[in-house]
Amino acid sequence: QVQLVESGGGLVQAGGSLRLSCSASGRTFGTYGVGWFRQAPGKEREFVARISWSGVSTVYADSVKGRFTISRDNVKNTVYLQMNSLKPEDTAIYYCAEHYGSTWSIRDFGSWGQGTQVTVSS
């Protein structure tokens, strides 16, 4: 059973940058797609970005397109989320998860990590 651990969150001013990491232990990521999601207080968890197992294919939510970049290093067994031009509305707990299903619904993601808090001050 894989365990995912997110790190890299913190407090940053609007316009700043953070890089989140999602590390896997127990086995390699290699054959699974990985997604980043976020959940703000009082809101549902929402999709942020995903990357295919090879790293060739990436998809972003409209709200982060052009500002966030997802990447992966299968040698290091880590998926990254580079977040630039951060806005206060990006404040949330960020989670990573592996993609197991046949659709890109959140229900088809699993092995959720504990999350890392990102707070963007105005």
Side-chain angles (χ1 to χ4, degrees):
Q1 180 73 16
V2 70
Q3 289 184 317
L4 306 185
V5 178
E6 302 93 340
S7 61
L11 173 63
V12 64
Q13 288 187 331
S17 299
L18 285 173
R19 188 176 81 156
L20 305 184
S21 298
C22 173
S23 299
S25 63
R27 59 160 169 77
T28 61
F29 266 136
T31 59
Y32 293 97
V34 175
W36 281 98
F37 297 78
R38 66 187 182 187
Q39 188 166 17
K43 295 188 177 181
E44 292 188 352
R45 193 168 299 188
E46 65 175 6
F47 167 76
V48 174
R50 68 174 188 254
I51 188 166
S52 63
W53 69 270
S54 66
V56 171
S57 175
T58 58
V59 178
Y60 298 91
D62 288 344
S63 59
V64 306
K65 203 172 293 183
R67 300 187 297 122
F68 290 11
T69 303
I70 189 171
S71 62
R72 67 190 297 163
D73 184 336
N74 286 340
V75 174
K76 294 183 178 179
N77 226 21
T78 302
V79 174
Y80 303 98
L81 185 68
Q82 177 67 44
M83 306 187 297
N84 299 328
S85 302
L86 283 161
K87 304 175 181 180
E89 51 263 44
D90 294 318
T91 295
I93 299 174
Y94 284 71
Y95 301 89
C96 63
E98 282 191 318
H99 180 244
Y100 296 133
S102 58
T103 74
W104 291 106
S105 165
I106 192 171
R107 297 187 302 273
D108 280 352
F109 285 83
S111 299
W112 295 88
Q114 293 299 306
T116 185
Q117 175 71 49
V118 171
T119 303
V120 184
S121 62
S122 56

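It should be emphasised that the depicted structure is a prediction, and the values quoted were computed from it without experimental measurement.
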So that I know where these two stand, are Trp112 and Phe37 an aromatic pair - ring centroids less than 6.0 Å apart?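 Yes, ring centres under 6.0 Å apart.
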Centroid-centroid under 6.0 Å between His99 and Tyr32 rings: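 No, they do not, as the ring centres are separated by 6.0 Å or more.
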[X] side chain to [Y] side chain, donor-acceptor N/O pair below 3.5 angstrom:
| X | Y | answer |
| --- | --- | --- |
| Tyr94 | Arg38 | yes |
| Thr103 | Asp108 | yes |
| Thr69 | Tyr60 | no |

Kindly give the heavy-atom pair with the smallest separation between [X] and [Y], and that separation in Å.
| X | Y | value |
| --- | --- | --- |
| Ser17 | Asn84 | OG-OD1, 2.9 Å |
| Trp36 | Leu81 | NE1-CB, 3.6 Å |
| Lys43 | Gln39 | O-NE2, 3.1 Å |
| Ala14 | Ser122 | CB-CA, 4.4 Å |
| Val34 | Phe109 | C-CE2, 4.3 Å |

Sidechain N-carboxylate O distance under 4.0 Å for Asp62, Lys65: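 Salt bridge between Asp62 and Lys65, a charged N being under 4.0 Å from a carboxylate O: yes.
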For the atom pair [atom1] ([X]) and [atom2] ([Y]), what is the distance rounded to the nearest 0.5 Å?
| X | Y | atom1 | atom2 | result |
| --- | --- | --- | --- | --- |
| Leu4 | Ser111 | CG | OG | 5.5 Å |
| Ser25 | Gln3 | OG | CD | 4.5 Å |
| Ser57 | Ile51 | OG | CD1 | 8.5 Å |
| Cys96 | Tyr80 | SG | OH | 12.0 Å |

Quick one: do [X] and [Y] end up in the same hydrophobic cluster if we chain Ile, Leu, Val, Met, Phe, Trp and Tyr together by side-chain heavy atoms under 4.5 Å apart?
| X | Y | value |
| --- | --- | --- |
| Trp104 | Phe47 | yes |
| Val64 | Tyr95 | no |
| Val59 | Ile106 | yes |

Does [Y] offer a backbone N or O that forms a donor-acceptor pair with the side chain of [X] under 3.5 Å?
| X | Y | answer |
| --- | --- | --- |
| Asn74 | Asn77 | no |
| Thr78 | Lys76 | yes |
| Glu6 | Gln114 | yes |
| Thr91 | Val120 | yes |
| Asp90 | Met83 | no |
| Thr116 | Ser7 | no |
| Gln117 | Gly10 | no |

Residue among Arg50, Arg72, Arg27 satisfying salt bridge (charged side-chain N to carboxylate O under 4.0 Å, His left out) with Glu98: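 Option passing the salt bridge (charged side-chain N to carboxylate O under 4.0 Å, His left out) with Glu98: Arg27.
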Note, Leu20 side chain near Val118 side chain (heavy atom, < 4.5 Å):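 Yes, at least one pair of side-chain atoms sits under 4.5 Å.
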Side-chain contact test, heavy atoms from C-beta onward, threshold under 4.5 Å: evaluate it for Thr119 versus Val12 and give yes or no.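 Result no, sub-4.5 Å side-chain heavy-atom pair not found.
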